[in-house]
Q: 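Here it is: the structure, laid out below.
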Amino acid sequence: GRAGGDGLPAAASEAKDTAAALPTGRVTSLDNPDADQIRTVLNGKRAVAGIHLIVHGDAPLSGEFVPLLPLLSSDGRTTGFQAQSIAWWVALITGLVAKGLRYVYLGGCCTDRLGSALHRAGVPVVVCFESKCETFAVKIFGTAFAESIGAGNTPAVAFAAARTRVLDK
């Protein structure tokens, strides 16, 4: 999706489809979270195998492009965005590697800067997007990736399955 709102309904739909595709009882889904909620939930987990983060990755802030979490009203409309620096995300997420974090899926345009930083900091596998993407393709890819992970596949197998699903559409 593009910052500005045109991809947000699809992002919300992708988040719901992703949560449904992963094993029941083993998923914590945060609907419209703020940064403090994300930090509290992730730090409170004893084990974290993977993270599926649906964000906009192409917003400039202080000279760097950062992930934006859309803030939504109860009826799903965008009320604004919250930005956290790449350093904030790296500090939060790489702290979970010791809890068994195997992969991070960054569903959103231009998330490669964050993805590269996470990988350099020790996250074993990061799936991200290098450029602007068609919202429907990201949704198809993200949902297929989650379904494959939910079926017990490795991130590499899940990536291949998701890629095939997009190419078949």
Side-chain angles (χ1 to χ4, degrees), residues 1-3 7 10-11 14-15 17-19 21-23 26-30 33 35 37-39 41-61 63-70 81-167:
R2 291 171 175 78
E14 179 185 348
D17 291 349
T18 296
L22 295 168
R26 301 190 61 202
V27 174
T28 300
S29 180
L30 299 176
Q37 288 172 306
I38 293 169
R39 183 185 310 110
V41 167
L42 289 177
N43 287 336
K45 294 284 185 188
R46 288 181 300 160
V48 178
I51 296 173
H52 294 251
L53 186 61
I54 313 301
V55 296
H56 290 291
D58 53 356
L61 177 72
E64 72 170 334
F65 286 85
V66 300
L68 285 180
L69 290 168
F81 294 93
Q82 57 181 326
Q84 297 297 329
S85 70
I86 287 177
W88 184 90
W89 285 106
V90 169
L92 175 66
I93 293 173
T94 58
L96 301 172
V97 172
K99 295 182 176 188
L101 182 66
R102 297 180 335 189
Y103 71 90
V104 173
Y105 169 80
L106 300 172
C109 299
C110 306
T111 51
D112 59 317
R113 290 174 188 90
L114 175 57
S116 294
L118 289 171
H119 190 65
R120 282 191 309 271
V123 176
V125 175
V126 180
V127 177
C128 55
F129 295 86
E130 183 177 48
S131 62
K132 292 270 190 188
C133 307
E134 290 294 331
T135 302
F136 76 93
V138 173
K139 181 181 184 304
I140 292 167
F141 187 94
T143 302
F145 184 84
E147 288 170 353
S148 187
I149 289 288
N153 292 315
T154 65
V157 170
F159 181 90
R163 181 179 181 278
T164 298
R165 177 95 50 94
V166 170
L167 293 175

Q: Can you say whether the rings of F145 and Y105 are parallel (under 30°), tilted (30 to 60°) or perpendicular (over 60°)?
A: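 Geometry flag for Y105 against F145: parallel rings.
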Q: Please report the closest heavy-atom contact between T111 and C128, naming both atoms and the distance.
A: OG1-CB, 3.3 Å
Q: Using a 3.5 Å cut-off and no angle test, enumerate the donor-acceptor pairs between side-chain atoms of residues 156-167 and protein atoms at least two apart in sequence or in another chain.
A:
residue, atom, partner, partner atom, Å
T164, OG1, A160, O, 3.0
R165, NH1, E147, OE1, 3.1
R165, NH2, E147, OE1, 2.7

Q: Carefully, step by step, assess L92 and N43 under the rule side chain to side chain contact (heavy atoms under 4.5 Å, CB included).
A: CA-CA 8 Å; L92 175 66; N43 287 336; 3.9 Å; yes
Q: By the salt bridge (Lys or Arg N to Asp or Glu O under 4.0 Å) test, which pairs, at least two apart or in different chains, include something from residues 93-105?
A: none
Q: Let me confirm one number: the CG-CG distance from D112 to L106, rounded to the nearest 0.5 Å.
A: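 D112 CG to L106 CG: 9.5 Å, rounded to 0.5 Å.
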Q: How would you list all residue pairs meeting side chain to side chain donor-acceptor pair (under 3.5 Å) that involve residues 117-129, not counting sequence neighbours?
A: none
Q: Mind checking side-chain hydrogen bond (donor to acceptor under 3.5 Å, both in side chains) for N153 and listing every partner two or more places apart, or none if nothing turns up?
A: S148
Q: By side-chain hydrogen bond (donor to acceptor under 3.5 Å, both in side chains), which residues pair with T143, not counting sequence neighbours?
A: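 Expected list: none.
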Q: Do the side chains of L42 and I51 get nearer than 4.5 Å, heavy atoms only?
A: yes
Q: With sequence neighbours excluded, what pairs up with A121 under the side chain to side chain contact (heavy atoms under 4.5 Å, CB included) test?
A: V90, T94
Q: Begin with the C-alpha distance, continue with both residues' side-chain angles, and end with the deciding distance and a verdict on side chain to side chain contact (heavy atoms under 4.5 Å, CB included) for L114 and I93.
A: CA-CA 11 Å; L114 175 57; I93 293 173; 5.6 Å; no
Q: Do T154 and Y103 make a side-chain contact, defined as non-hydrogen atoms from C-beta onward lying under 4.5 Å apart?
A: no
